[in-house]
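Quick note on labels: first sequence line is chain A, next is B, and so on, each numbered from 1. Computed from a predicted model, the values in this text were never measured in an experiment.
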Number of protein chains: 2
Amino acid sequence: MSKGVRTRAAILDEALSLMSTDGLSGLTIGLLAERTGLSKSGLFAHFGSKEQLQVAALQEAQASFTAHVIRPVLDLPRGLPRLEAFAEGWWAWNRSPPFPGGCPIQAASLELDDRPGPLRDEIAAAQRRLRAFIQQGAGMAVAAGHFRPDLDCTLFAFQMVGIAFAQTMTCRLLGEPEGLDFVRRAWRAQVTDAQGTHNQTGETSHEH
Amino acid sequence: MSKGVRTRAAILDEALSLMSTDGLSGLTIGLLAERTGLSKSGLFAHFGSKEQLQVAALQEAQASFTAHVIRPVLDLPRGLPRLEAFAEGWWAWNRSPPFPGGCPIQAASLELDDRPGPLRDEIAAAQRRLRAFIQQGAGMAVAAGHFRPDLDCTLFAFQMVGIAFAQTMTCRLLGEPEGLDFVRRAWRAQVTDAQGTHNQTGETSHEH
DNA sequence: AAAATAAACGAACGATCGTGCTATTGTCAA
DNA sequence: TTGACAATAGCACGATCGTTCGTTTATTTT
């Protein structure tokens, strides 16, 4: 079992490029066949349906993200150092991922948010995993004493995701070169807030 | 000049629904003609090309956002009150806009970020206007003494945009009912930070 | 009411979409 | 080297895509 998986990998590689620029709906079999030098039917046989191809492409995108952004920081000490490295890696990924276009997962997240099905399930699971990773990282920082003990790690993950989306909009859509600077400053503000020794997110001690 | 603009408006209304669920690339002439009860060619004649139809739909989406979210808060006093009302209106819009799907502008922002052309220009201009509005709102809050004088209003707008994107992902893609709660808390944290009397975004007073 | 103009239709075009078939090629183990 | 089987190609299909054109029907103006 060798030739099959090799071409399948080549197909998925090209599929990621196509998906990053043209979106999930632009990932068409004819175009993909043309770019890989295969025939439409030959390519089609590898996946059985367009939906399965899309699912495979999404999974491949996740794998790439994990390999490029997640795995490298796992060697670092838990807590703030790992979180900081992850952040910097993520901003770098968003700005120039290993595809010609932007991050396909981010794009697909807004493309599929209203169309139930396996594709949306796949992308939703990916986003849930990512948020869980951030949340756990923040939890480790709390345990290590880097972050204040009353930090809401779920909220922390929510905010970080927001920064990432805002970055994509600023850097890719608007093309503002100072976008990365905003990202870093927003992230720094968030980290500083998480470090704060006492509760400084509520006006007073009572909430609502 | 009456009948033409009336049906054109009806077409655009339906186009917004379609666009919100199926994205800009899903906004197809055949489908739109079917839903409006027109013939493909009859509909087509109103716009001259698909791209012009898409541009018109995007402009209509902007107009709807302005009417529903921006305009109502302009009556409120400048500064924090107006900003707070705008925020709440925006979160409401993101959660349940007047379309069956999510906010088309947000979706298109990530869909088009790598495809230059009139469409991207249109959406980029819209996002720039929105950020300028937020920035000015924050500036008014600074002038009114509601926010600290050294607040970076551009960064403030950047962060707010991030919250909005994170909301869409949480509420629409993941379907988490507590999403709106996260949004409010993240927004409250941002406002509190902007209110802080002295600089609390940098660790110390030096900014390097 | 008649003439002028605007709006919508119907049919067709070339292209591309996703997806079935059958046949042919290539690869790997015996 | 041959036989088994995986991998790919070729072709065709119905559907839909955006677009053009000529015609017909509504609307507006005179």
Taking salt bridge (charged side-chain N to carboxylate O under 4.0 Å, His left out) as the definition, give me every residue that meets it alongside [X], ordered by chain and number, with sequence neighbours left out.
X: B:D181; value: B:R185
X: A:D22; value: none
X: B:E88; value: B:R184
X: B:E122; value: none

Exercise for the section: Send over the distance from A:K3 NZ to C:dA29 P, rounded to a whole Å. Expected result: 15 Å
N/O donor to acceptor pairs below 3.5 angstrom from side-chain atoms of residues 66-77 of chain A, sequence neighbours left out:
from: A:T66; atom 1: OG1; to: A:Q62; atom 2: O; distance (Å): 3.0
from: A:H68; atom 1: ND1; to: A:S64; atom 2: O; distance (Å): 2.9
from: A:H68; atom 1: ND1; to: A:S64; atom 2: OG; distance (Å): 3.4

Fill in the blank from the handout: ring pair (Phe, Tyr, Trp, His ring centres under 6.0 Å) filter on B:F47, not counting sequence neighbours, yields none
Handout entry: Residue list, ring pair (Phe, Tyr, Trp, His ring centres under 6.0 Å) with B:F156, at least two apart or on another chain
Key = B:F147, B:W187
Handout entry: Of residues 41-51 of chain B, the positions that come close to DNA chain C - non-hydrogen atoms, cut-off under 4.0 Å
Key = B:S41, B:G42, B:H46
Problem - Given B:T28, B:L32, B:I29, the one that forms side chain to side chain contact (heavy atoms under 4.5 Å, CB included) with B:K40 - result: B:I29
Practice task
Pull out every residue in residues 15-40 of chain B that has a heavy atom closer than 4.0 Å to any atom of DNA chain D, ordered by number, or say none.
Solution key: B:T28, B:I29, B:G30, B:K40
